[in-house]
S.K.: 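The structure under discussion is supplied below as C-alpha cells; questions concerning it will follow.
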Amino acid sequence: MAPLGSRLTTENGAVTDDMIEFYSQRARGGAGIICIEAMGIDYPLAVGNANHVRFHDSCYMPGHAKLAERIHECGAKAFALLWHAGINKGAFMGETPVAPSAILNPNTGIVPRALTAEEIHGLVDKFGQAAHRAMLCGYDGVSVHASHGYLISSFVSAATNQRTDEYGGSFENRIRFALEVLEAIKKNTRKDYPVIFRINGSDFIENGITEEEAAAFAQALEAGGVDAIDVSAGVYGTIDTMIEPIQYPEGWKLYLAENIKKAVHVPVFGVGVIHTPELADQAIRDGKVDFVAIGRELLCEPQWPNKAKAGDRHFPKCIGCNACFERIGKSLPLRCAINPLAGREKHVPEPVCRPECVAVVGAGPGGITAAVTAKRRGHQVELFEETGEVGGQLILAAAPPRKDKIYDYIAYLKEELAESQVTVHLNRRFTVDDAADFDHIIIAAGAQSRQMTVEGAETFTKTAWDVLAEPADSFRGRHVIVVGGGSVGCESALYMKEGGAESVAIVELREKIAMDMDNISRMKLMHEIEDEKIGQYPGFSLKRVENGMGMLSSCGEQTEQQVPCDLVVIAVGSVSRRDLAEELYQAGIPAISVGDAAAIGKIGEAVRSGFDAAAAL
C-alpha cells in the first residue's frame with residue numbers, strides 16, 4: 001500500500017482507533033506492506049497542518065505501537081514513512097517554512113527560511129531518532145520521504161537548492177543531506193532493519209530532478225546501504241503528475257521506476273494509476289519493477305490484493321476523481337467517492353432483524369448504493385428507473401475525453417445489482433400509487449439541467465447535458481459558445497472541440513473557470529483547454545447573438561467582445577428533481593431524498609447519502 005494521507009488522527013496528530021481500523025482493513029485485504037502516511041519528524045516545521053501525523057516525540061509511540069501490532073495481526077508488514085514537509089507547507093503555527101534556500105514558493109506564496117548547516121545536522125539527527133522510535137514501536141522498517149518537493153527532495157533539486165556550502169551547488173553536494181539522513185537511520189536501528197527511500201523519478205519542472213539525476217541519486221543511496229527504492233514523481237507545481245486525476249492512463253509512470261531499476265540492484269517499487277491486477281502482474285513479469293505499490297485503489301477496495309489472488313475481478317476501480325485528496329487538502333478526514341466506508345471502516349451497518357419492503361427511485365450511483373446496501377442488510381428492495389439504463393448522470397460524466405474510467409464504475413454498479421439480486425424496474429416511473437406497497441421509500445431521482453435563454457439564440461441552444469448525449473463529431477465545424485464555466489461546461493467545451501468544432505469559447509461570470517473542481521483535476525483540465533485553444537472569458541456574460549456573433553459583456557469594466565457563434569450551450573448548473581418528493585409529502589407518505597434529489601453535489605455525496613439512508617432503515 002502506497003502512502004497517502006488519511007487525516008484520521010486526533011487534532012494534534014496522534015493515532016486514533018479510526019486510523020488503526022483504516023490500515024488494518026487494508027492489511028486484512030492482502031497488501032504485503034502497509035506504508036503508513038507521512039509522519040513528521042519535527043514540530044511544527046515538519047508538518048503542514050494540525051492533523052498531520054506527528055512522530056517527533058516519544059509521547060506518540062503508544063498509538064503507533066498499537067497500529068503496527070494491529071497490522072501484524074491482520075497479516076501484513078508495517079513501514080513508517082518519515083517526513084519533513086519543508087517548503088510545502090504554509091505558515092503553520094506562525095512558523096515560516098524552512099528550505100535549502102530562501103526562494104519564493106509559488107504554490108504557497110511564501111519565501112521559506114534557508115536552513116543553517118547546524119540546523120541541517122539537527123534534522124539529520126531527528127530523522128535517526130524517529131527511525132529508532134519506529135523500530136521500538138514494532139514497525140518492520142522505515143521509508144524516507146525524499147520526493148514530491150518535500151525537504152529532502154528540495155535539497156536534491158537544483159530548482160530549489162541554490163546553496164553555496166557543502167549542501168548545495170554540485171549534484172554530490174545536493175544529495176549530501178539525503179545520504180546523511182540514511183546514515184543516521186542506519187546508526188539508530190539494528191543492522192538488518194530495512195530502509196526504503198521514496199524518490200522522484202522526475203520532477204517534471206525546469207531545473208528539477210531529471211531522470212538521469214534520479215538514477216544517480218538511487219545509485220548513491222544504494223551505495224549508502226538503502227534496502228529499496230520507491231519511485232514516484234512530480235512536485236506541487238506539477239501536482240497532476242504526483243496525484244493523477246482521471247485523465248492519466250493506467251501505469252503511465254512505471255517507466256520512471258524502470259529507469260531506476262536499470263541503475264540499481266536493490267528492489268524497486270513502482271506506482272502510478274495501477275488500475276488492474278493484470279497490469280501490476282505484467283509490470284513485475286516484464287522486469288520494470290520488483291514491487292507494485294497501490295494507493296487509491298485500496299481506498300476503493302481494501303480487498304484488492306486478495307481478490308486479485310483469487311481471480312475475483314468484481315471490485316470498484318478508482319476513477320481518479322481526487323475526491324479523497326480534495327477532502328484531506330481541507331484537513332478533513334479521508335473519504336472516497338465510490339467506497340462509502342473509506343475512512344469510517346467501523347460503521348458497517350448490521351443485518352436487520354425484521355426485513356421490510358424498500359423502494360429506491362432512481363438508478364444513479366446514490367440510488368444503486370442505497371438499494372444494494374438495503375438488500376444486503378436483509379430488506380426486500382425494488383429499484384425503479386424511469387429510463388432504459390442504469391447509471392444516471394454517470395453516463396454523461398463518462399462522455400468527455402479521457403474520462404472512460406467512469407464506465408468501469410458503471411459496469412461495477414451493474415454487477416453489484418446483479419450480485420445482490422435487487423429487483424430492478426427499468427422504463428418504470430414510480431408514482432404515489434406505488435408507495436402503498438413499501439415500508440420505506442428512498443428517492444434518488446437526481447437532478448435536471450438548469451435552463452436559460454439567450455436573445456437571438458432561441459433556435460440553436462442546447463444544454464450541456466444534451467451535448468454530452470450526442471456524438472462528439474456531430475459538432476464538427478460549429479462555432480460554439482458555452483455559457484457557464486464550471487466543470488460540466490469546461491468538459492463539454494473540450495468534448496466538442498476535440499470532436500471537431502471549429503471554435504469553442506467558455507463564458508463564465510466568475511473570475512476563473514472550473515472553480516468547482518479540486519485543484520489537481522482543474523490543473524490538468526486547464527492544460528487540456530489551453531492545448532485545444534478553447535477561448536476563455538471569465539468575468540463575462542453572453543448578452544445576445546446577432547449576425548453569427550456572440551456579444552460578450554464584461555461584468556466589471558463594461559467592455560464588450562464579439563465571438564463567432566452558431567450554437568449556444570447552457571451549462572449553468574442543475575436543479576434537484578423534487579416533484580416525486582413533493583407528491584409523496586402532499587399525500588402524507590414519508591420518504592427520504594438522497595444525492596442530487598436532496599442537494600446538488602458530486603458523486604461522493606450521492607454515494608454516501610445513499611449508503612447512510614439505507615444503513616439507517
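What you see below is based on every heavy atom in this structure, not just the backbone, and it leaves out hydrogens, waters and symmetry mates.
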S.K.: Return the CG to CG distance between Leu426 and Leu383, rounded to the nearest 0.5 Å.
M.R.: 8.0 Å
S.K.: Are side-chain N/O atoms of His275 and Asp408 paired as donor and acceptor at under 3.5 Å?
M.R.: yes
S.K.: Given side chains that start at C-beta, do those of Phe475 and Glu470 come closer than 4.5 Å, heavy atoms only?
M.R.: yes
S.K.: Quick one: closest heavy-atom pair of Leu525 and Cys490, and the distance?
M.R.: CD2-CB, 3.7 Å
S.K.: Does the distance from a Lys or Arg side-chain N to an Asp or Glu carboxylate O, for Arg344 and Asp18, drop under 4.0 Å?
M.R.: no
S.K.: How close do Ala27 and Ile34 get, heavy atom to heavy atom, and via which atoms?
M.R.: N-CD1, 3.8 Å
S.K.: Mark yes or no for whether Asn200, through its side chain, and Gly234, through its backbone, hold a donor-acceptor pair below 3.5 Å.
M.R.: yes
S.K.: Parallel under 30°, tilted from 30 to 60°, perpendicular over 60°: which one fits the rings of Trp83 and His52?
M.R.: perpendicular
S.K.: Pro249 and Val273: which non-hydrogen atoms are nearest, and at how many Å?
M.R.: O-CB, 3.8 Å
S.K.: How are the rings of Tyr412 and Tyr409 set relative to one another: parallel (under 30°), tilted (30 to 60°) or perpendicular (over 60°)?
M.R.: parallel
S.K.: Heavy atoms, side chains only, cut-off 4.5 Å: are Glu382 and Phe384 in contact?
M.R.: yes
S.K.: Considering all heavy atoms of both residues, which atom of Val53 and which atom of Ala38 are nearest to each other, and what is their separation?
M.R.: CB-O, 3.5 Å
S.K.: State whether the side chain of Asn306 and the backbone N or O of Gly29 hold a donor-acceptor pair below 3.5 Å, judged by distance alone.
M.R.: yes
S.K.: Within this structure, what is the CD-SG distance for the pair Gln380 and Cys357, rounded to the nearest 0.5 Å?
M.R.: 6.5 Å
S.K.: Any chance CD of Glu530 has more than 12 other-residue heavy atoms, nucleotides or ligands included, within less than 6.0 Å?
M.R.: yes
S.K.: Are Met496 and Val569 packed together at the side-chain level, in the sense that at least one heavy-atom pair is separated by less than 4.5 angstrom?
M.R.: yes
S.K.: Do we see a donor-acceptor contact under 3.5 Å between the side chains of Glu21 and Gln25?
M.R.: yes
S.K.: So with a 6.0 Å cut-off around NZ of Lys307, is the heavy-atom count from everything else above 12?
M.R.: yes
S.K.: Set out, in order, the CA-CA distance, both residues' side-chain angles and the distance that settles salt bridge (Lys or Arg N to Asp or Glu O under 4.0 Å) for Arg376 and Glu416, then state yes or no.
M.R.: CA-CA 11 Å; Arg376 287 182 175 155; Glu416 283 282 90; 3.0 Å; yes
S.K.: Test your reading of the model: is there a side-chain donor-acceptor pair from Asn88 to the backbone of Gly149, 3.5 Å cut-off?
M.R.: yes
S.K.: For Ile246 and Cys321: C-alpha separation, side-chain torsions, deciding distance, then whether side-chain contact (heavy atoms from CB on, under 4.5 Å) applies.
M.R.: CA-CA 6 Å; Ile246 190 170; Cys321 67; over 6 Å; no
S.K.: With the side chain counted from C-beta on, respond yes when Ile406 and Lys403 share a heavy-atom pair under 4.5 Å apart, and no when they do not.
M.R.: yes
S.K.: Within the 4.5 Å heavy-atom criterion, are Pro400 and Leu494 side-chain neighbours or not?
M.R.: no
S.K.: Under the side-chain contact (heavy atoms from CB on, under 4.5 Å) criterion, do Trp304 and Arg26 qualify, and how do the steps go?
M.R.: CA-CA 9 Å; Trp304 197 96; Arg26 275 77 197 167; over 6 Å; no
S.K.: Could you walk me through whether Val594 and Ile443 pass the side-chain contact (heavy atoms from CB on, under 4.5 Å) test, one step at a time?
M.R.: CA-CA 6 Å; Val594 302; Ile443 301 174; over 6 Å; no
S.K.: Kindly give the heavy-atom pair with the smallest separation between Cys324 and Arg296, and that separation in Å.
M.R.: SG-CD, 3.9 Å
S.K.: Can you check whether Ser487's main-chain N or O pairs, donor with acceptor, with Arg522's side chain at less than 3.5 Å?
M.R.: no
S.K.: Just checking, is any N or O donor in the side chain of Glu491 or Tyr495 under 3.5 Å from an acceptor N or O on the other one?
M.R.: no
S.K.: Taking the six-membered ring of Phe315, is NZ or CZ of Lys317 closer than 6.0 Å to its centre and within 45° of its axis?
M.R.: yes
S.K.: Would you kindly say whether Glu250 and Thr276 are connected by a side-chain donor-acceptor distance under 3.5 Å?
M.R.: yes
S.K.: Are more than 12 heavy atoms, taken from residues, nucleotides or ligands other than Asp140, located less than 6.0 Å from that residue's CG atom?
M.R.: yes
S.K.: To the closest 0.5 Å, what do you measure between SG (Cys318) and CD1 (Ile338)?
M.R.: 6.5 Å
S.K.: Is the backbone N or O of Gly601 less than 3.5 Å from a side-chain atom of Asp596, with the two atoms forming a donor-acceptor pair by type?
M.R.: yes
S.K.: Atom CD of residue position Gln282 - does it have more than 12 heavy atoms of other residues, nucleotides or ligands inside 6.0 Å?
M.R.: yes
S.K.: Is a side-chain N or O of Thr369 found less than 3.5 angstrom from the main chain of Gly366, in a donor-acceptor match?
M.R.: no
S.K.: Strictly by modelled atom types, are Glu326 and Asn322 linked by a side-chain donor-acceptor pair under 3.5 Å?
M.R.: no
S.K.: Start with the C-alpha distance between Met19 and Ile36, add both sets of side-chain angles, then the distance that settles side-chain contact (heavy atoms from CB on, under 4.5 Å), and finish with yes or no.
M.R.: CA-CA 10 Å; Met19 186 175 169; Ile36 307 304; 4.1 Å; yes
S.K.: Can you spot which of Arg428, His425, Arg429 makes a side chain to side chain donor-acceptor pair (under 3.5 Å) with Asp434?
M.R.: Arg428
S.K.: Between Arg28 and Gly75, is there a donor-acceptor pair closer than 3.5 Å when you use the side chain of the first and the backbone of the second?
M.R.: no
S.K.: Kindly say whether Thr463 contributes a backbone atom to a donor-acceptor pair with the side chain of Asp466 at under 3.5 angstrom?
M.R.: yes
S.K.: Compare every heavy atom of Glu301 with every heavy atom of Pro316, then report the nearest pair and how far apart it is.
M.R.: CD-OE1, 3.7 Å
S.K.: Look up atom CG in Leu334 and atom CG in Asn339, then write down how far apart they are to the nearest 0.5 Å.
M.R.: 9.5 Å
S.K.: Would you say the side-chain atoms of Arg402 pair up with the backbone N or O of Tyr248, donor to acceptor, closer than 3.5 Å?
M.R.: no
S.K.: Could you check whether any side-chain heavy atom of Phe430 comes within less than 4.5 Å of a side-chain heavy atom of Glu386, counting everything from C-beta outward?
M.R.: no
S.K.: Quick one, Ile229 and Ile196 - any side-chain contact, counting heavy atoms below 4.5 Å?
M.R.: no
S.K.: Going from CE on Met526 to OG on Ser521, what distance comes out if it is rounded to the nearest 0.5 angstrom?
M.R.: 13.0 Å
S.K.: Using the salt bridge (Lys or Arg N to Asp or Glu O under 4.0 Å) rule, pick out the option among Lys405, Lys253, Lys524 that qualifies with Glu244.
M.R.: Lys253
S.K.: Tell me if the NZ atom of Lys602 is crowded by more than 12 foreign heavy atoms within 6.0 Å.
M.R.: yes
S.K.: Could you tell me if Asp612 and Ser609 have a donor-acceptor pair between their side chains, going purely by distance under 3.5 Å?
M.R.: no
S.K.: Answer yes when Arg354 and Glu356 have at least one side-chain N-carboxylate O distance shorter than 4.0 Å, and no when they do not.
M.R.: yes
S.K.: State which residues pass side chain to side chain contact (heavy atoms under 4.5 Å, CB included) with Pro305; sequence neighbours excluded, sorted by chain then number.
M.R.: Ala31, Leu298
S.K.: Are the charged groups of Lys261 and Glu258 less than 4.0 angstrom apart, N to O?
M.R.: no
S.K.: Quick one: does Lys497's side chain have a donor or acceptor within less than 3.5 Å of a partner on Glu532's backbone?
M.R.: yes
S.K.: Report yes or no: do Glu389 and Thr387 form a side-chain donor-acceptor pair below 3.5 Å?
M.R.: no
S.K.: Under a 4.5 Å cut-off applied to non-hydrogen side-chain atoms, are Arg450 and Val572 in contact?
M.R.: yes
